[in-house]
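As the structure lists them, so they are numbered: ligands from 1, and atoms in each ligand from 1.
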Amino acid sequence: MAVVGLSGRLARCYCLRAVRSLPVCSSLRVPALQLHVSKTAMGASQKDFESAVNQVKLLKKDPGNEVKLKLYALYKQATEGPCNTPKPGLFDLINKAKWDAWNALGDLPKETARQNYVDLVSGLRSSSDSSSQVKPEADKKQAGYETLVITSEDHITKIMLNRPAKKNALNTQMYQEIMLALEAASKDDSTITVFTGSGDYYSSGNDLTNFTDIPPGGVEEKAKNGAILLRDFVDCFIDFPKPLVAVVNGPAVGISVTVLGLFDLVYASDRATFHTPFSHLGQTPEGCSSYTFPKIMGLAKAVEMLIFGKKLTAGEAYAQGLVTEVFPDSTFEKEVWTRLKAYSKLPRNAMRISKQIIRNHEKEKLHAINAEESSILQERWLSDECVNAVMNFLSQKAKL
Ligand SMILES: CCCCCCCCCCC/C=C/C(=O)SCCNC(=O)CCNC(=O)[C@H](O)C(C)(C)COP(=O)(O)OP(=O)(O)OC[C@H]1O[C@@H](n2cnc3c(N)ncnc32)[C@H](O)[C@@H]1OP(=O)(O)O
């Protein structure tokens with residue numbers, strides 16, 4: 001695809017398949033940067049291993065080269081088995097150190113290497129978290145998040161998307177932090193968990209700059225990593241055990257709309273809108289919306305949103321069953337939080353078990369739908385239709 005004359009940022013856009021793969025960086029790459037993992041190496045604890053691979057990227061402190069060599073060696077042993085490459089030359093110090101670390105593991109079984117990797121990362125996580133996070137107390141912001149503001153008060157854990165200058169667009173870090181925040185909220189002493197946005201937007205959905213910066217493995221690896229990230233992200237909502245509430249304070253776009261089908265309550269300000277411009281972007285529905293939206297609002301209305309990109313007002317979203325209740329913007333925050341504080345005093349276990357009974361019937365089906373939607377999007381992200389739409393936004397910041 002001819003890319004002559006585009007800005008530097010676009011020239012890095014993963015969509016530009018003509019771009020040669022970047023030179024392999026000379027510094028030691030922690031294996032977490034290579035998220036493509038072979039199915040055969042995963043076995044029963046595939047999720048734990050993938051989650052550990054993801055978590056390495058979020059370590060607050062650099063664990064040092066010795067630990068990184070250990071992570072590298074265990075990763076290679078878990079995914080490829082015993083060292084199977086020729087020894088690098090004497091002066092190729094970085095690759096020789098990596099080769100030595102891997103080779104030193106000898107015939108260690110893949111399963112053992114995988115488990116050792118998971119154990120090593122969880123140790124790194126707990127030491128990193130304990131040194132960087134403040135124990136949440138009532139009215140206290142939780143430390144350790146850059147794209148979110150997490151507060152705990154009145155038995156409510158509030159997860160606020162906090163990139164207002166970018167309309168709370170979800171970049172890769174925000175996806176990762178939301179997964180961590182949901183994991184923490186599922187285990188803390190709160191009764192309900194609330195999502196909302198800071199600034200005038202709830203969220204403008206996927207950050208389209210996520211499509212730039214080609215990894216060393218090229219565009220296919222970018223799309224594969226994106227599909228893994230999307231699937232893991234949506235799985236967190238499918239499996240979340242407590243009542244999950246969306247306080248939609250303004251316009252919502254894309255994935256911030258589609259996952260609403262997995263929430264238990266959706267309260268919207270009357271200035272909120274709901275927009276899923278997937279066809280405009282050469283993309284397809286995600287967040288299980290290909291199943292939940294027809295179920296919630298009927299096939300015709302779901303098609304009008306998901307295929308034709310009709311933007312709904314809060315009133316229309318309420319009429320179609322996507323929104324539980326709409327409030328005047330002037331009294332939105334006061335009315336909604338008064339109500340939620342009353343709900344949060346209800347017996348925690350009864351609410352959790354009731355949610356389980358209501359949601360468990362379809363949990364496996366939703367996981368399967370999520371996996372299918374993610375793999376279809378993996379292909380879509382490499383298509384010319386998506387390439388042109390994303391480049392159009394990035395180069396002109398065209399408004400939908
Ligand atoms: C292969 C790679 C995969 C990566 C990982 C994927 C993981 C999961 C993917 C799941 C699939 C999700 C799909 C979706 O969510 S599709 C929807 C995507 N969102 C959009 O297309 C919205 C784009 N934004 C807009 O149309 C407008 O910004 C908007 C109407 C939302 C607001 O317009 P307004 O004029 O009011 O404000 P600005 O445009 O000036 O916005 C202010 C600044 O914020 C930037 N911005 C806003 N939204 C986004 C966005 N989604 N992505 C990136 N940047 C965004 C905007 O550019 C402005 O920035 P500057 O101030 O720098 O100009």
Side-chain angles (χ1 to χ4, degrees), residues 7 9-10 12-17 19 35-36 54 57 147 161-179 197-215 217-237 250-260 262 271-290 305-307 309 311 370-371 373-383 385-400:
S7 72
R9 188 169 62 164
L10 271 186
R12 286 194 315 275
C13 176
Y14 96 96
C15 306
L16 309 178
R17 286 189 289 278
V19 174
L35 284 178
H36 56 286
N54 263 318
K57 280 199 313 183
T147 64
L161 309 184
N162 193 33
R163 297 183 73 217
K166 297 292 182 185
K167 305 298 180 184
N168 299 324
L170 287 98
N171 60 11
T172 306
Q173 183 177 1
M174 190 183 263
Y175 284 112
Q176 301 280 3
E177 290 192 351
I178 289 172
M179 288 192 276
S198 68
D200 62 343
Y201 260 65
Y202 178 68
S203 169
S204 71
N206 188 40
D207 187 321
L208 297 176
T209 62
N210 286 337
F211 289 84
T212 59
D213 297 334
I214 302 170
V219 290
E220 283 70 19
E221 179 177 331
K222 180 84 180 179
K224 186 167 189 174
N225 292 350
I228 290 172
L229 177 64
L230 170 62
R231 192 197 62 207
D232 290 352
F233 179 75
V234 175
D235 277 349
C236 291
F237 289 88
V253 187
I255 191 164
S256 70
V257 176
T258 51
V259 292
L260 291 178
L262 303 172
R271 60 181 292 275
T273 54
F274 300 82
H275 192 197
T276 51
F278 300 128
S279 298
H280 295 72
L281 293 166
Q283 297 183 54
T284 44
E286 82 290 298
C288 297
S289 60
S290 61
M305 280 193 85
L306 298 175
I307 297 181
K311 185 190 291 189
N370 178 30
E373 289 175 342
S374 303
S375 102
I376 290 168
L377 266 170
Q378 181 176 336
E379 294 310 314
R380 287 274 87 215
W381 288 326
L382 300 172
S383 69
E385 288 178 345
C386 179
V387 167
N388 297 331
V390 172
M391 283 170 63
N392 188 35
F393 177 82
L394 292 178
S395 55
Q396 298 155 12
K397 281 192 273 188
K399 306 295 177 267
L400 292 166

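Under a 4.0 Å criterion applied to the non-hydrogen atoms of Gly254, ligand 1 contributes the atoms 14 (C), 15 (O), 17 (C). Close approach of ligand 1 to Tyr201 is summarised as follows: ligand atoms under 4.0 Å from at least one heavy atom of the residue are 29 (C), 30 (C), 31 (C), 32 (C). Using a 4.0 Å cut-off to heavy atoms of Asn210, the atoms of ligand 1 that qualify are 2 (C), 4 (C). Atoms of ligand 1 found under 4.0 Å from any heavy atom of Gly205 (numbered from 1 in listed order, with element): 15 (O). The ligand atoms of ligand 1 that sit less than 4.0 angstrom from a heavy atom of Ala165 are 42 (C), 43 (C), 44 (O).
Thr258 and Glu286 share a side-chain donor-acceptor pair at under 3.5 Å.
Arg163 is not listed as a side-chain neighbour of Leu170, based on a closest heavy-atom distance of 4.5 Å or more. Side-chain contact check for Leu377 versus Gln283: some heavy-atom pair is nearer than 4.5 Å. The shortest distance between side-chain heavy atoms of Asp232 and Ile228 falls below 4.5 Å. When side chains are defined from C-beta on, Leu306 counts as touching Ser289, because their heavy atoms get closer than 4.5 Å. You'll find the side chain of Thr276 stays beyond 4.5 Å of the side chain of Pro285, heavy atoms only. Using a 4.5 Å heavy-atom threshold, the side chains of Arg271 and Asp200 count as touching. Two residues are said to be in side-chain contact when any heavy atoms from C-beta on lie closer than 4.5 Å; Asn171 and Thr209 fail this criterion. Side-chain contact between Phe237 and Cys288 is absent, with no heavy atoms from C-beta onward closer than 4.5 Å.
Contact annotation: for Lys166 versus ligand 1, heavy atoms closer than 4.0 Å belong to both the backbone and the side chain. When heavy-atom distances to ligand 1 are checked against a 4.0 Å cut-off, Ala169 comes that close only through its side chain, counted from C-beta outward.
Residue-to-ligand polar distances keep Pro277 apart from ligand 1: every N/O pair is separated by 3.5 Å or more. Considering both main-chain and side-chain atoms, Leu208 comes within under 3.5 Å of ligand 1 through a nitrogen or oxygen pair.
In the candidate list Asn168, Asn206, Val257, Asn206 is nearest to atom 6 (C) of ligand 1, counting heavy atoms. Closest heavy-atom approach to atom 17 (C) of ligand 1 within the set Leu281, Asn225, Val234: this belongs to Leu281.
The closest approach between Tyr175 and ligand 1 falls below 4.0 Å for a heavy atom of the residue. For Ala227, the heavy-atom gap to ligand 1 stays at 4.0 angstrom or more.
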